[in-house]
Amino acid sequence: MERRHFLKNTLAGATMLSFTSGSFSEIFGQKAPSNKIKVALIGCRNQGWSNLENFLKYPDVECISLCDVDDEWLNKCAAAVEQRTGKKPPQLVKDWRRVIDNQDVDAVIIGTPDHWHCLPLVAACQAGKDAYVEKPLANTIEECNLMVKAVRKYNRIVQVGQWQRSDPHWDEAAAFVQSGRLGQVRTVKVWAYQTAKWTLPVVPDSNPPTGVDYDMWLGPAPKRNFNSNRFHYNFRFFWDYAGGLMSDWGVHLLDYALKAMNVGLPAYVYGAGSKYAYPNDAMETPDTLMVTYKYPGFNIIWDHACGIGHGDFDKGEGLAFFGENGTLILTRGGWEVRPENNNRGRNFPYCYPCDDAPSPATPRMEAVEWKKGEGKGLYKHVGNLLECIKSRQQPNCSIETGAQTAKLSHLANISCRLGKALAWNDSTNTFDDKRANKLVKAYYRAPWKLPVV
Ligand SMILES: NC(=O)c1ccc[n+]([C@@H]2O[C@H](COP(=O)([O-])OP(=O)(O)OC[C@H]3O[C@@H](n4cnc5c(N)ncnc54)[C@H](O)[C@@H]3O)[C@@H](O)[C@H]2O)c1
């Protein structure tokens, strides 16, 4: 049955490709002379470049197109590609729609800010291209749902940039949690304590830098004067474009809370936080936030702080699965298990003065010493997509996974913004609150329109 199902899907995908992409033969290696996967990068700064750099480590990749609204980063990226490959990509553009029109592009890498993920991804799918799209998948729940629909309707292969999914120690740790050895897990704590970019002092509006198409940078977001605080990198601290630390770091880490506990979105969320530390700086998103996601039998807690680096277990970011037998601690660096003791070398109930000798502490399970991760997550994540482009199998971070974790982060932000606990109905995509339901939706500035799928 499974094989028949696979063949049916593969043939359906192949038929669609031959009509839509024009690059079927290259992907499947039938007659293309170079046998390369031809990629384009949209959004060339910071993570976009890191992604492309990892694509270029694979010999079957050729970068044929770059797009950025900022000449500076477009040119810097073109020079970096030339330095690595000896060849400048032939297409350098400021309008991403030219990349979608380019029939030679097999796959797009979308490294733009969060408010600019949905439109290019849906257009790429409609044009028969595969994609690597950055996390969080989108800036609203409505866009996330649309993107899932587009990938499935057009039968595309899309990897979401939650690269922990391809870093083996994350799955090892999740499997350990699922083995039951920790005993009942009642709390999963997930945190990001960040000292980098912890505050943004207010600066006046100004003209956009020369060479920047600022209107295209804003795209579907509301029209505003240019302010450098809201631009490159720092956009993540403004609601029009992103969701702060919650959706930036949260999606990476919370993904593994859901995976290890084998659950989807919760029925209840309460996010409490604000700009407690820097009330008068420019950031809109909370510098301090604690969220409770309530599940039957356990809670997932999210906790973030800008400007404080000593998170739990003195780790700046991570997850801790608190079980009755021990606690599993998981970070980008590795994982370990610290056992609970049946007693702490004292008798209970305590008696003072007490004649009994203290009984020895007996651990409830074996410790797992710190197991260092490989640190090659992004490289492997890219490699996994390239394999899947050829095999037409699902990549390690499917569009559904990306959507689920992005939505989880939006649930918390919406609760925090409204200052109240909310019930979420995942089958109808609605909250028990009218104002919250308004924040589920995407509002696009004309002439941009939410894509119809
Ligand atoms: N997976 C990870 O580990 C990871 C790490 C950092 C950032 N990210 C994600 O990557 C995305 C980008 O973040 P960043 O820190 O690289 O941002 P950035 O601001 O440094 O870079 C974004 C680039 O996109 C360009 N851009 C903006 N609008 C564009 C448009 N319409 N067309 C073409 N180019 C456009 C900008 O000019 C800029 O060069 C975000 O969604 C972020 O969450 C992921």
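Counting starts at 1 for both ligands and their atoms, in listed order. All residue numbers in this chain count up from 1 along the given sequence. Small disclaimer: the values here were computed from a predicted structure and weren't measured.
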Student: For residues 400-409, pull every pair meeting salt bridge (charged side-chain N to carboxylate O under 4.0 Å, His left out), keeping only residues two or more places apart or in separate chains.
Tutor: Arg152-Glu400
Student: When you check the side-chain N and O atoms of Gln164 and His252, is any donor under 3.5 Å from an acceptor?
Tutor: yes
Student: As an exercise, identify every atom of ligand 1 less than 4.0 angstrom from a heavy atom of His232.
Tutor: 19 (O), 36 (C), 37 (O), 38 (C), 39 (O)
Student: So which of Val160, Asp68, Asp70 gets nearest to atom 36 (C) of ligand 1, if we judge by its closest heavy atom?
Tutor: Asp68
Student: Identify, by atom number and element, the atoms of ligand 1 in contact range of His117, meaning under 4.0 Å from any of its heavy atoms.
Tutor: 41 (O)
Student: With heavy-atom distances below 4.0 Å as the criterion, list the atoms of ligand 1 near Gly161.
Tutor: 1 (N)
Student: Decide, yes or no, whether a salt bridge links Arg165 with Asp255 under the criterion of side-chain N to carboxylate O below 4.0 Å.
Tutor: yes
Student: Give the residue and atom name of whichever protein heavy atom lies nearest to atom 21 (O) of ligand 1, and the separation in Å to one decimal.
Tutor: Arg45 CB, 3.4 Å
Student: Any atoms of ligand 1 less than 4.0 Å from a non-hydrogen atom of Pro136? List them with their elements.
Tutor: 43 (O)
Student: State plainly whether the residues Glu336 and Arg338 are in salt-bridge range, i.e. N to O under 4.0 Å.
Tutor: yes
Student: Can you tell which of Trp116, Trp73, Tyr233 gets a heavy atom nearest to atom 18 (P) of ligand 1?
Tutor: Tyr233
Student: Parallel, tilted or perpendicular: which one describes the rings of Tyr132 and Phe55, with boundaries at 30° and 60°?
Tutor: perpendicular
Student: Among all protein heavy atoms in this structure, tell me which lies nearest to atom 13 (O) of ligand 1, with the distance rounded to 0.1 Å.
Tutor: Phe235 CZ, 3.7 Å
Student: Could you see which bit of Gln162 sits under 4.0 Å from ligand 1, with heavy atoms only: side chain, backbone, both or neither?
Tutor: neither
Student: Which heavy atom of the protein is the closest neighbour of atom 35 (C) of ligand 1, given with residue, atom name and distance?
Tutor: Thr112 CG2, 3.5 Å
Student: Check each of Asp215, Asp71, Asp68 against Lys94 using the salt bridge (charged side-chain N to carboxylate O under 4.0 Å, His left out) test, and report the only one that passes.
Tutor: Asp71
Student: Regarding atom 30 (C) of ligand 1: of the candidates Leu218, Asp71, Val69, which has the closest heavy atom?
Tutor: Val69
Student: Kindly identify the option in Glu134, Gln47, Lys135 whose heavy atom sits closest to atom 42 (C) of ligand 1.
Tutor: Lys135
Student: Check this for me, if you would: do Lys189 and Asp303 make a salt bridge, where the nitrogen-to-carboxylate-oxygen distance has to be below 4.0 angstrom?
Tutor: yes
Student: Should Asp167 and Arg332 count as an ion pair when the cut-off is N to O under 4.0 Å?
Tutor: no
Student: Does ligand 1 have a heavy atom under 4.0 Å from the side chain of Phe231, from its backbone, from both, or from neither?
Tutor: neither
Student: Considering only NZ, NE, NH1 and NH2 on the basic side and carboxylate oxygens on the acidic side, decide whether Glu284 and Lys275 come within less than 4.0 Å.
Tutor: no
Student: Against heavy atoms of Ile42, which atoms of ligand 1 measure under 4.0 Å?
Tutor: 33 (C)
Student: Can you name the atoms of ligand 1, numbered from 1 with element, that are less than 4.0 Å from a heavy atom of Met216?
Tutor: 31 (N)
Student: Which one holds for Val212 and ligand 1: side chain close, backbone close, both close, or neither close, with close meaning a heavy atom under 4.0 Å?
Tutor: neither
Student: Any idea which of Gly111, Cys77, Gly43, Cys67 brings a heavy atom closest to atom 22 (C) of ligand 1?
Tutor: Gly111
Student: Before accepting this row, confirm whether a basic side-chain N of the pair Lys390/Asp106 lies closer than 4.0 Å to the acidic partner's carboxylate O.
Tutor: no
Student: So is Ser247 touching ligand 1 or not, going by heavy atoms under 4.0 Å?
Tutor: no
Student: For Gly219, is the nearest heavy atom under 4.0 Å from an atom of ligand 1?
Tutor: no
Student: Does Lys57 pair with Glu53 as a salt bridge, N-O distance under 4.0 Å?
Tutor: no
Student: Please state which protein non-hydrogen atom is closest to atom 3 (O) of ligand 1 and give its distance, to 0.1 Å?
Tutor: Trp163 NE1, 2.9 Å
Student: Before accepting this row, confirm whether a basic side-chain N of the pair Arg224/Asp240 lies closer than 4.0 Å to the acidic partner's carboxylate O.
Tutor: yes
Student: Does anything in residues 410-422 pair up under salt bridge (charged side-chain N to carboxylate O under 4.0 Å, His left out), and if so which pairs, sequence neighbours excluded?
Tutor: Lys420-Asp433
Student: Looking only at protein heavy atoms, which one is nearest to atom 7 (C) of ligand 1, and how far off is it?
Tutor: Arg236 NH2, 3.2 Å
Student: Ring centres of Tyr58 and Tyr379 under 6.0 Å apart?
Tutor: yes
Student: Would Trp73 and Asn75 count as having a side-chain donor-acceptor pair, cut-off 3.5 Å?
Tutor: no
Student: Which residue and atom name correspond to the protein heavy atom nearest atom 41 (O) of ligand 1, and how close is it?
Tutor: Asp114 OD1, 2.7 Å
Student: I need the atoms of ligand 1 closer than 4.0 Å to a non-hydrogen atom of His252, numbered in the order shown.
Tutor: 1 (N), 2 (C), 3 (O)
Student: Determine whether the side chain, the backbone, both or neither of Lys94 has a heavy atom under 4.0 Å from any heavy atom of ligand 1.
Tutor: neither
Student: Suppose we measure from atom 15 (O) of ligand 1 to each protein heavy atom; which comes out shortest, and what is that distance?
Tutor: Asn46 ND2, 2.7 Å
